[in-house]
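Read through the structure below, which is laid out as structure tokens, and then see the notes.
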Amino acid sequence: MIFKNKKILVIIGGGIAAYKSLDLIRLLKKSNNEVKSILTKSGREFVTPLSLTTLTKNKTFEDIFDKNAEAEIDHISLSRWADIIIIMPTTANFMTKLCLGKAEDLATTVILASNKDILLVPAMNVRMWLHKATQKNVKTLQDYGYLFIGPEKGEMACGEYGDGKMSSPRQIFSYLHDYFKNKNLIKKKNLKALVTSGPTREYLDPVRYLSNESSGKQGNEIAQALSRLGIQTTLITGPTNLTSKKEIKIKKIVSAEEMLEEVKKCLPVDIAVCAAAVSDFKPIKKINNKIKRNLVSIELKKNKDILEYLGKNNKHRPKIVIGFAAETENLTKNAVLKLRQKNCDLIIANDISKKNSGFNSDYNKVKIIDNFGKINVIKKNKKSFIANKIAEIIIDRLLVDDRSFN
Ligand code: CTP
């Protein structure tokens with residue numbers, strides 16, 4: 001079924017493709033959605049307020065300093081009103097403004113004040129799109145949580161050929177169709193997820209412990225990405241300096257044993273992602289007083305494997321169980337071994353031998369391997385980007401049956 005009764009705010013940027021926003025608005029209205037529009041100053045060079053008002057059957061908003069408009073609907077309520085905000089075309093210049101967090105006119109102010117998903121529809125010359133500055137902006141905006149559709153390959157208005165052509169109104173419409181369908185399914189299914197994250201500490205005495213370098217950033221980003229999709233998410237985390245948004249339920253633990261206890265309390269869930277760098281060993285006995293220097297050895301025993309506990313859980317196995325494999329050698333081979341050993345659906349192979357990748361960095365470079373042997377290589381990118389990719393794969397796998405029956 002095609003989506004309807006959605007509230008869609010279309011912001012028209014300044015580019016030759018701006019006229020296509022009229023086609024999208026027509027499609028949205030035809031399928032019984034409500035549309036409001038903001039026309040930027042440069043967008044006005046390509047589209048008139050009259051055409052927008054005629055098609056949307058709503059006033060076209062134009063200027064932040066329009067006293068009448070502000071009394072009627074201020075920029076905060078305009079952003080709260082929408083189910084989704086679309087910026088088309090999104091020019092290179094507009095992307096830079098979003099990266100800087102500018103609030104210089106109605107469009108940028110609404111966006112900065114928004115708590116909704118924002119879909120960017122880039123359109124520009126191929127060289128502008130491929131320029132390092134633009135590509136860096138794309139990464140930053142993805143990191144900020146902006147959604148993207150396109151650009152497509154094709155001939156541009158300037159006569160050059162390549163990446164930069166704006167996605168067509170039909171493509172955007174079909175993107176929105178999938179977007180609302182996923183949102184509805186997630187809501188209907190009441191999906192729950194647990195994510196383990198960060199290091200664990202295994203105390204030897206009151207002041208010393210076994211631990212590792214994990215910053216908890218990747219797990220934290222995954223929890224954020226799942227929560228953004230509307231999934232009820234619990235983050236079970238070892239000691240880190242990170243904070244999370246309030247929609248995520250946080251359980252702070254110290255040792256692997258405590259992490260396992262919290263995981264058990266959290267079950268049943270639909271999705272489990274074990275991103276924690278759990279200490280493999282703990283001392284057989286914690287010594288109550290500070291260990292003196294004459295001690296020469298400490299006896300250790302293995303911690304229970306939390307990922308394996310989830311993967312092989314007969315009663316409450318989550319529908320999708322995901323592990324990480326932090327390796328310094330034979331990345332794929334060792335990761336696949338772990339996937340099988342711990343009965344996971346997916347494993348994220350993480351090369352921790354390289355500098356500036358993996359532990360304690362904002363960036364990572366991973367291979368996502370599934371239980372059918374399919375490998376998805378993700379080049380070095382922000383951990384937030386990788387988290388969104390993982391969340392996308394999870395949703396694809398969980399909703400595949402529902403989609404095919406619709
Ligand atoms: N893991 C876990 N509980 C443990 C140990 C590991 O849940 N007690 C999970 C991690 O969260 C990760 C996966 O298992 O998802 C792999 O962890 P990793 O440290 O890469 O490997 P290990 O299984 O500990 O094996 P090894 O240290 O021998 O590589």
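Each ligand, and each atom within it, is numbered from 1 in the order the structure gives. Predicted model only: the values in this text are computed from it and were never measured.
Ranking the protein heavy atoms by distance from atom 9 (C) of ligand 1 puts L307 CB, 3.8 Å first. Nearest protein neighbour of atom 13 (C) of ligand 1, counting heavy atoms only, is F324 O, 2.9 Å. Of the protein's heavy atoms, D280 OD1, 2.7 Å lies nearest to atom 24 (O) of ligand 1. Closest to atom 21 (O) of ligand 1 among all protein heavy atoms lies K338 NZ, 2.8 Å.
When non-hydrogen atoms are compared, ligand 1 lies under 4.0 Å from the backbone of D305 as well as from its side chain. With a heavy-atom cut-off of 4.0 Å, C274 touches ligand 1 through backbone and side chain alike.
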Does the pair F173 and F3 meet the rule for a ring-ring contact (aromatic ring centres under 6.0 Å, His included), with working shown? CA-CA 10 Å; F173 190 79; F3 61 98; 5.1 Å; yes

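Ligand 1 has no N or O atom lying under 3.5 Å from any N or O atom of E327, backbone or side chain.
When Q341, K304, K282, M259 are ranked by how near their heavy atoms come to atom 8 (N) of ligand 1, first place goes to K304.
For atom 28 (O) of ligand 1, the nearest protein heavy atom lies 4.0 Å away or farther. Atom 3 (N) of ligand 1 lies below 4.0 Å from at least one non-hydrogen atom of the protein.
Between D83 and K116 no salt bridge is recorded (no basic side-chain N to carboxylate O distance below 4.0 Å).
Proximity of a side-chain donor or acceptor of T134 to a complementary backbone N or O of M128 within less than 3.5 Å is detected.
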